[in-house]
There are 2 protein chains.
Amino acid sequence: MAASAPEHIHPREVPLATALAALADPVRLTLVRELAAAEDWERPCGSFDVPVRKAALSHHFAVLRQVGLLEQRDRGQRRYNRLRRPEFDERFPGLLDLALRTDLD
Amino acid sequence: MAASAPEHIHPREVPLATALAALADPVRLTLVRELAAAEDWERPCGSFDVPVRKAALSHHFAVLRQVGLLEQRDRGQRRYNRLRRPEFDERFPGLLDLALRTDLD
DNA sequence: CGGATTGTTCGACGAACTTCGTACACTCCT
DNA sequence: AGGAGTGTACGAAGTTCGTCGAACAATCCG
């Protein structure tokens, strides 16, 4: 699995422009939407349907982590994911709701 | 003034990711905020306090126009600006409000 | 008309972003 | 111990983005 434990930061410390840039990407938007449709800790990194290889996928997960939207936890040989929805909503009200609206694509 | 009349498109035709990308830039964020603080048609393009030359400034205005957030109108030798706030809010509820919150920077 | 003002367009440059392949780290299972 | 499975780190390549200077267009004014 991963070489190092993932570092998490709180959405509080994230500038608005950084959060917008993180969500302004089709791959990351897909990740966020699939995560929102699943239970917390249900999905390991490799279980997402996106058209990039695992190196790029790992990068996108890092971006989402660095805006405080994603939390990761290692269990066994996999890294499981969870959306930090309450924390992110508190900092950027309505933004995640907007990102989940597939009718706006 | 301008070489061609500005072309406007409605926010309805703008994908979410494009709108997010347009607002994920510090210069454009400044433009939007100064516009929000002014009356409609009050500010010509050259009246904004941003650290870029006019070529770059023109580019940023074009980006905002192409996401349906900015409307421009020529009068005399100047091009005046207005935020298309109701239209944009209808398409992306809450997004502009978020962009105007300087406490999130 | 001629000059000043305002903003766009064009071509170019550097920085940043995205992706990839490969190598490595960690865990589970036999 | 060894092998398979999962994800990260690193370096390289290609693309996109933001910026600039210079040239151009349109308007106003003397």
Side-chain angles (χ1 to χ4, degrees), chain A residues 1-9 14-15 17-32 34-35 38 41-67 70-82, chain B residues 1-9 14-15 17-32 34-35 38 41-67 70-82:
Chain A
M1 56 150 305
S4 61
E7 282 189 15
H8 296 97
I9 68 178
V14 177
T18 307
L20 293 176
L23 291 173
D25 177 282
V27 172
R28 292 192 286 265
L29 229 33
T30 299
L31 297 178
V32 169
E34 292 197 19
L35 275 172
W41 310 122
E42 186 184 344
R43 308 282 305 265
C45 291
S47 73
F48 293 82
D49 185 25
V50 287
V52 295
R53 312 249 178 221
K54 55 181 189 171
L57 185 58
S58 184
H59 162 69
H60 287 300
F61 277 121
V63 171
L64 292 176
R65 228 168 38 224
Q66 285 155 16
V67 296
L70 183 70
E71 188 175 353
Q72 299 185 305
R73 179 181 292 277
D74 293 343
R75 202 182 51 195
Q77 41 191 349
R78 308 202 180 171
R79 179 161 287 185
Y80 291 89
N81 299 280
R82 166 196 169 244
Chain B
M1 59 151 301
S4 60
E7 282 190 12
H8 297 96
I9 69 178
V14 177
T18 307
L20 293 176
L23 291 172
D25 177 281
V27 172
R28 291 193 286 267
L29 230 33
T30 299
L31 297 179
V32 168
E34 291 198 19
L35 275 172
W41 309 122
E42 187 184 343
R43 309 283 305 264
C45 292
S47 72
F48 293 83
D49 185 24
V50 287
V52 295
R53 311 249 178 219
K54 56 182 187 170
L57 186 58
S58 185
H59 162 68
H60 288 300
F61 278 122
V63 171
L64 292 176
R65 227 168 39 224
Q66 285 155 16
V67 296
L70 184 71
E71 189 175 353
Q72 298 184 305
R73 180 180 292 278
D74 293 342
R75 202 182 52 192
Q77 42 190 346
R78 310 205 177 168
R79 178 162 285 184
Y80 291 89
N81 299 279
R82 168 197 166 241

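All figures in this text were calculated on a predicted structure; none of them were measured in a lab. Below, read A as the first sequence line, B as the second, and so on, with proteins coming before strands; counting in each chain starts at 1.
What separates NE2 of A:H60 from P of D:dA9 is a distance of 15 Å, to the nearest Å. Rounded to an integer number of Å, the gap from OH of A:Y80 to P of D:dG7 is 8 Å. Atom pair B:E7:CD and C:dT8:P shows a separation of 13 Å (rounding to whole Å applied). Atom CG of A:L57 is separated from atom P of D:dA9 by 13 Å (rounded to the nearest Å). Atoms CZ (B:F61) and C1' (C:dG7) sit 10 Å apart, rounded to a whole Å. Taking atom CG of A:N81 as the reference point, atom P of D:dT6 lies 14 Å away to the nearest angstrom. Taking atom CG on A:D25 and atom P on C:dC17, their separation rounds to 12 Å, with Å as the unit. Following rounding to the nearest Å, B:R43 (CZ) and C:dG7 (P) show an atom-to-atom distance of 11 Å.
Of all nucleotides listed (D:dG7, D:dC20, C:dT19), C:dT19 comes nearest to the side chain of A:H59. Distance from the side chain of B:R78 is smallest for C:dG7 among the nucleotides C:dC20, D:dT6, C:dG7. The nucleotide whose nearest atom lies closest to any side-chain atom of B:R53 is, among C:dT19, D:dG21, C:dT8, D:dG21. Considering only the side chain of B:S58, C:dT8 comes nearest among C:dT8, D:dG7, D:dC20. Between D:dA22, D:dT19, D:dG7, one nucleotide has an atom nearer to the side chain of A:R79 than all others, and that is D:dG7. Among the nucleotides D:dG21, C:dG7, C:dG21, the one closest to the side chain of B:A55 is D:dG21. Listed candidates were C:dT19, D:dG18, C:dT5. Nearest to the side chain of B:Q77 is C:dT5.
Checking each of B:L70, B:T30, B:L31, B:V32 against B:H60 for a side-chain contact (heavy atoms from CB on, under 4.5 Å) leaves exactly one that passes, namely B:L31.
In terms of position along DNA chain D, the nucleotide closest to A:C45 lies nearer the 5' end than the nucleotide closest to the other residue of the pair B:A21 and A:C45. Of the two residues contacting DNA chain C, namely A:P51 and A:K54, the nearest-nucleotide position lying further toward the 5' end is that of A:P51.
Remark: the backbone N or O of B:K54 is not paired with any side-chain donor or acceptor of B:S58 at under 3.5 angstrom. Within the 3.5 Å criterion, the main-chain N or O of A:A22 finds a donor-acceptor partner in the side chain of A:R28.
With rounding to the nearest 0.5 angstrom, the CD atom of B:Q66 is 10.5 Å from the NE2 atom of B:H8. Between the CD atom in B:E34 and the OG atom in B:S47 there is a gap of 7.0 Å [rounded to 0.5 Å].
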